[in-house]
Structure formats: structure tokens, C-alpha cells
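See below for the structure under consideration.
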Amino acid sequence: MSDTTSVRRDGERETARLPERLREMRSLTKKSLKDLERVTMVSDSSWSRYLAGRGLPPWAAVEALCREVGRDPEDLRLLWEAAAASRTEQERPPQTADDVGPGTAGTVVPVRRRRPWLVLAAMAVTLLGVLVSALVPALRDGGTGSSAPQADPKPDGPAFGASPPAPRTATAVPGAIRADAAVPEQFRGAIELAARRCTEAEVTPALLAAMLKVESGFDPDLRDPKADEYGIARWTPAVFNAWAVDGNGDGVKDYMSPADAIATMGLYTCWLDQRIKQSGLHTNLPGLIAAAYRTSDKAVIQAEGAPAGTAAYVADVLRYQEQFATR
């Protein structure tokens, strides 16, 4: 048996185990899938697929589910990473190097490409982590689950807390921000973290940076009382509070905090992406995500595309996305 075949089979076993653990935790919550949607900000139809082993939930959603039952998310970290690596390895590469998705106002959105050697390297690292965890239990905390269940079930979104995935280099992140792009350095870490917390291919650092550019020009102190929009991501307080993420771990969720605002944008756009694709729309997804952020997912789905009045906004976002992204 080749090393590649062995890695693939190990990844498939881990992929099969993850839904079992998720179903176990879901049963402990005593919640319906609709209730789970409000807690994790992942739709009930998506959870139905994930629990059946079809598809991989965003890590942020897994964290939220663990938190709901008082489990340590790190107990599932290796399973999730192995499932992610296996899922990536099994996917077919995008059409051809010349294939592109249609943009808005003549903008072209490049198709994401995957590198096989990166996939194999990621799987090897994952399996090494599994072996280390099995042979040296002292290196881990034993999975005691020190986090207590949240008493308040309001949809405040999963926290982007400790132990995020290891940072990837700019060349390894599809849609990464170019080193010379006009994106302020102090926001780049938060933007990349927010993007890589989402498993949806379209939510990239370049897309989030482009949206922030159009929304506020990267101004963290922006205030527009007439529109009731504030901060670098132009959050309306009521909407922010429904999705809020503590991006910097200070225990406070504040739409005027760039870290919190950007982290929450990442979670929200990830959910918008899922909703749009579930509706059957698959053309120019970055543009539709931007349109939904400015209006709503329902407006995009009902219009079967970018709603009237959003064309200029979408065109600006796609233009900056192309400028910011690595090539």
C-alpha cells in the first residue's frame, strides 16, 4: 500500500468519526436543528447534512456546538483537521487554468486552485498530530472540558478563541492579500483569521479586505448615525449583536473594535455564502456575498442575483478584490 493510499484511508476514517461525535453532542443539547441554527449561526439544513456526514461544518460552528454542551473544542480539533484534509484531497481540481467566473461590470473573478503537495503535507501533519496525541497524553490537557455551557442561548456567534489553525503563508492561502496591496498592516491578521475560519472557498482575505475598503475605507472610527452604521465594517448595532464575535479575546463584543467587527464579518459572510449556494445560485458568488452583506440574503435569493441598486457597490468590491489578491 502506498503512503498516499494509507494517508487517504486514515483521513477517511477520521472523516467518518467526526459526524458521530457531532451527533453525540447535538443529542446532549436537547435542541432542534432550528434551535441549533440560532446557536451556531449555521442553517438547520446545513446541520442536517453535516450530521449525516455530508460536508464539513465550519470550525467556528463546531466550537459553538462544543461550547453549548460544555466540551473542550480541542477534543475535536484533530478530527476536524483530518476531515478537512481528506475532503480537500478528494475534491477534483477546478476546470482549467484559464477558467474564470463572471464578475460584475466586466470584472473577472479567478477560480481558486488547489496544490496537491500542500494537501498531502497538511494530511501528513494531521496524522503526526494524531500519533503524538496517542503516544504522549501528557502533551494534551486530557479533554476535561473546562468550559461551562452558556446560560444565555442568544445567537452571539462562536468566539474566535484560542488555538486557531496554524497560520499559512501568503502563497498557500487562496485569495491571500498581496504584500504590496493597499490594506493597512494592522488589520491584515484579523482579516486572514476571519477568512480562514470559514471553510467556504469564496470567503477569502482579499474579499473581506475589499468589502472593508468599500464599506469604510478601513476607518475603524467611522460613524454614520443617519444610516445607523458604525466601525470598520459598518455594522448596524442590532445586526452586529445577533452575530457578534469576540475577535480579540478581551471578553467584550464591540462593533467599534476592528478585531470584533472583522471577525463577525467573517462569520456572517460565511453564513451568507452557504445560504446563497443552498438557494441554487453559484455564479459570481463573491459579488453575491457582497450584495447580501449590503442588503440581505433574502434580497439576493429573491432577486436571483445582486438586487437593484447594489451594482456599483458590488463592482467596487470585486475591483478591490482583484487588486488586493495574490496572483
Problem - Steps toward salt bridge (charged side-chain N to carboxylate O under 4.0 Å, His left out) verdict (E68, R26) - result: CA-CA 9 Å; E68 187 68 18; R26 185 259 168 143; over 6 Å; no
Practice task
Quick one: which residue pairs count as a disulfide bond (SG atoms under 2.5 Å apart) with a foot in residues 290-327, not counting sequence neighbours?
Solution key: none
Practice task
Name all residues meeting the side chain to side chain donor-acceptor pair (under 3.5 Å) criterion together with D221; count only those two or more places apart in sequence or in a different chain, and write none if there are none.
Solution key: none
Fill in the blank from the handout: Across all chains, not counting sequence neighbours, the side chain to side chain donor-acceptor pair (under 3.5 Å) partners of R49 are none
Exercise for the section: Can you label the angle between the W235 ring and the F240 ring as parallel, tilted or perpendicular, going by 30° and 60°? Expected result: perpendicular
Handout entry: Qualifying residues under side chain to side chain donor-acceptor pair (under 3.5 Å), relative to D254, sequence neighbours excluded
Key = none
Problem - Verdict with supporting geometry, Y293 and M265, side chain to side chain contact (heavy atoms under 4.5 Å, CB included) - result: CA-CA 9 Å; Y293 185 83; M265 173 185 270; 3.5 Å; yes
Problem - Listed partners of R223 passing salt bridge (Lys or Arg N to Asp or Glu O under 4.0 Å), at least two apart - result: none
Practice task
Report yes if some heavy atom in the side chain of V317 is under 4.5 Å from a heavy atom in the side chain of P286; otherwise report no.
Solution key: no
Practice task
List the steps, then state whether salt bridge (charged side-chain N to carboxylate O under 4.0 Å, His left out) holds for E20 with R17.
Solution key: CA-CA 5 Å; E20 296 176 4; R17 288 179 56 199; 5.9 Å; no
Exercise for the section: Provide the full list of disulfide bond (SG atoms under 2.5 Å apart) pairs with a residue in residues 298-327, sequence neighbours left out, each pair given once. Expected result: none
Completion exercise
ring pair (Phe, Tyr, Trp, His ring centres under 6.0 Å) filter on Y50, not counting sequence neighbours, yields W47
Practice task
Output every pair passing side-chain hydrogen bond (donor to acceptor under 3.5 Å, both in side chains) with a member in residues 206-217, not counting sequence neighbours, ordered by first then second residue.
Solution key: E215-R294, E215-Y313
Practice task
Enumerate the residue pairs fulfilling disulfide bond (SG atoms under 2.5 Å apart) with a member in residues 242-327, sequence neighbours excluded, ordered by first and then second residue.
Solution key: C198-C270
Handout entry: Pairs satisfying disulfide bond (SG atoms under 2.5 Å apart), at least one member in residues 272-327, at least two apart
Key = none
Problem - Inter- and intrachain pairs under ring-ring contact (aromatic ring centres under 6.0 Å, His included), touching residues 205-234, at least two apart - result: Y230-Y255
Practice task
Answer yes or no: does atom CD of E24 have more than 12 heavy-atom neighbours from other residues, nucleotides or ligands under 6.0 Å?
Solution key: yes
Completion exercise
Taken in chain and number order and not counting sequence neighbours, the residues that satisfy side chain to side chain donor-acceptor pair (under 3.5 Å) with K277 are E200, E202
